[in-house]
Amino acid sequence: MLDIKELQNNFEEIRQKLKKKKVDETLLAPLKEISLKLKEKKNILEALQAEQNAKSKLFPIYKKEGKNIDELKSQLDENKQKITSATEVVRELEENLSLIALEVPNIPDDSVPEGEDEEDNVEIKKVLNIPSFDFEPKEHWDIDAKQELIDFQRGVKLAKSRFSVLKNDAAKLERALVNYMLDFNASRGFKEVSVPFIANKESLEGTGQLPKFGDDLFKIEGEELYLIPTAEVPVTNLFRDEILATDALPIKLTSYTACFRKEAGSAGRDTRGMIRQHQFGKVELVCITTPQQSEEVFQQMVDCASDLLTSLGLAHRMVLLCGGDLGFSASKTIDLEVWLPGQNRYREISSISNTKDFQARRAKIRYKDGKKNRLVHTLNGSSLAIGRTLIAIMENYQKADGTIEIPKVLKDYIK
RNA sequence: AGAGAGGUGGCCGAGUGGUCGAAGGUGCUCGCCUGGAACGCGAGUGUGGGGCAACUCACCGAGGGUUCGAAUCCCUUCCUCUCUGCCA
């Protein structure tokens, strides 16, 4: 959520900055208008309440003195009518305000480049050279044409399309990757947490998936509960409605969860293979920092994920997302794209975002700055998506004879 | 899932219609005491909004209602605990 006060005072500046995000900025003007009107109406209401409170306190005094209370009572009856209608006005404005406020995306950081979509993202650097093959490298589903490793058909049988089953060494590799990544992140100072894969509405509002993106979530029938689309939701919401001690910051966490997405908007995209599934494993990084620390911690997270890829021997590149490609809650995002020889292109494998105080304001996560309570900055990033790492290994480590080598660092993890 | 009990400040806990935003304890912060500490003593210590400020409004799980006035009464709902059932 945006800072409403800031919006009232620096409307034009915020409007300009949000333009970068290619979103409906027509929401902004009503937002400002309603917030100002609300302030005015609230003042009126509070004056009425103050009168009601003050005069109500006279009753016991009157009674003690044996005075007649009829006139006072009728005065207050009348005032009460006014309070009732003023309350109604305020409530309506508040509802409208939060309805709009929760749908306005975060403001892009100044460093975010202009652009429409992923075509306009800016490559920051390449890490490792892309591997060369003395044969034509295959896509992962062709390497494993018999589906001895990834069984797509049976995934569909068990659930529906975009589900799959890992078998044999692929199942072991998945498990190895989870453990390796968590250990790697721990060595960089991230503490491990294991959280529920189901979250309530408040949590999803806190991190920004709701109310706007409910269509992409699997909802539990008859309950206000959802399967999590990312560990970012439960891990960040660990601190919802809390005021943290300054010396506890930065909090750096890592967590493995399954993630569930309806992929409602991507019909027809990546229908083949493991790239885009309704359920996938991911090891996530989540950090809670002071505003002063967040940029530095952001870099640490990017480095952590990139070094992880490097340690697996996977060529990749860092990409700074342009305004048009930036997610709803993010102020700044760097994607890591891994080289897939079979597809002959880089594909997203990690996305690291600084949401600054956007989620913190929604989720009311604050820290003590002296006597003041201030909003923290929240950051999240994948390190890494397990399924995509798995196919990256399959494609990058494939041999001419169809076998797949295992990256050295994983050897201890596969028995 | 059924039966019962309960949700109050960082924590414990009092409060059943009128200066209660809330006693008391504990924790924490600051000061005094001390060679230093403990003990003891004194002061401070919830959140959010409005106002330069004095101050003011809201919040006792959440949402409604009754009343001039609600932490206290009524309704709805969520959650927690205990027992029973079921299960890893």
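Throughout, protein chains are lettered first and strands after them, A, B, ... in sequence-line order, and every chain is numbered starting at 1. Keep in mind it's a predicted model, so treat the numbers as computed, not measured.
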Could you tell me which nucleotide pairs with B:C20 by Watson-Crick or G-U wobble geometry, both distances under 3.5 Å, or answer none if nothing does?
none
Can a donor-acceptor pair be found between the side chains of A:E284 and A:T257 at a distance below 3.5 Å?
no
Considering only the C1' atoms, how many Å lie between B:A37 and B:A54, rounded to the nearest integer?
43 Å
Tell me the interatomic distance from A:I243, atom CD1, to B:G9, atom P, rounded to whole angstroms.
13 Å
Write down the distance between CD1 (A:I83) and P (B:C57), rounded to a whole number of angstrom.
11 Å
Applying a 4.0 Å non-hydrogen cut-off, can you work out what A:K364 is touching in the nucleic acid: base, sugar-phosphate, or nothing?
nothing
B:A58 C1' sits how many Å from A:L45 CG, rounded?
9 Å
Provide the distance between the two P atoms, one in B:C78 and one in B:A23, to the nearest whole Å.
33 Å
B:G69: pairing nucleotide in any strand, Watson-Crick or G-U under 3.5 angstrom
none
Measure centre to centre between the rings of A:F213 and A:F328, then say whether the value is under 6.0 Å.
yes
Establish, from distance only, whether the side-chain atoms of A:T230 and A:K282 form a donor-acceptor pair under 3.5 Å.
yes
P spacing across the pair B:U26 / B:U82, given as an integer number of angstrom
29 Å
Taking only the P atom of each, what is the distance from B:A3 to B:A62 in whole angstrom?
26 Å
Please give me the minimum heavy-atom distance between A:E114 and A:C322, naming the atom from each residue.
O-CB, 3.7 Å
Report the distance from atom NZ of A:K372 to atom P of B:G49, rounded to the nearest whole Å.
9 Å
Which pairs pass ring pair (Phe, Tyr, Trp, His ring centres under 6.0 Å) with one or both residues in residues 227-270 of chain A, sequence neighbours excluded?
none
For B:C60, what is the paired nucleotide under Watson-Crick or G-U wobble rules, both distances under 3.5 Å?
none
Could you please name the option among B:G64, B:U47, B:G69 that lies closest to any side-chain atom of A:N373?
B:U47
For B:A71 versus B:G9, give the span between their P atoms, rounded off to a whole number of Å.
15 Å
Could you measure between the two P atoms, the one in B:G27 and the one in B:C12, and give it in whole Å?
15 Å
In whole angstroms, how far is the P atom of B:G48 from the CZ atom of A:R362?
19 Å
Can you tell me how far P of B:G49 sits from CD of A:E46, to the nearest Å?
12 Å
Whole-Å P distance, B:C87 and B:G13
35 Å
Would you confirm whether the ring centroid of A:H377 sits within less than 6.0 angstrom of the ring centroid of A:F358?
no
Please give the nucleotide sitting opposite B:C39 as a Watson-Crick or G-U wobble pair, both distances under 3.5 Å, or none.
none
Does B:A58 have OP1 or OP2 under 4.0 Å away from a side-chain N or O of A:K42?
no
Electrostatic pair A:E88:A:R91 at N-O distance under 4.0 angstrom
yes
Taking CD from A:E94 and P from B:A58, how many angstroms apart are they, rounded to a whole number?
13 Å
When A:A47 and A:L72 are each assigned the nearest nucleotide of RNA chain B, the 5'-most assignment goes to A:A47
Residues in contact with RNA chain B, drawn from residues 49-63 of chain A - heavy-atom cutoff 4.0 Å:
A:Q49, A:A50, A:Q52, A:N53, A:S56, A:F59, A:P60, A:K63
Using the P atom as the reference point in each nucleotide, state the distance between B:U77 and B:C28 in Å, no decimals.
43 Å
Least distance between heavy atoms, A:E205 atom then A:R362 atom
O-NH1, 2.8 Å
Residue matched to B:C28 through Watson-Crick or wobble contacts both under 3.5 angstrom
B:G44
Would you indicate what A:K5 reaches in the nucleic acid, counting non-hydrogen atoms under 4.0 angstrom: base, sugar-phosphate, or nothing?
sugar-phosphate
Using only atom types and a distance under 3.5 Å, with no angle test, would you say the side chain of A:T207 pairs donor to acceptor with the backbone of A:S203?
yes
Considering every strand shown, what is the Watson-Crick or G-U wobble mate of B:A3 when both distances are under 3.5 Å?
B:U82
Please give, in whole Å, the distance from B:C57 P to A:I44 CD1?
16 Å
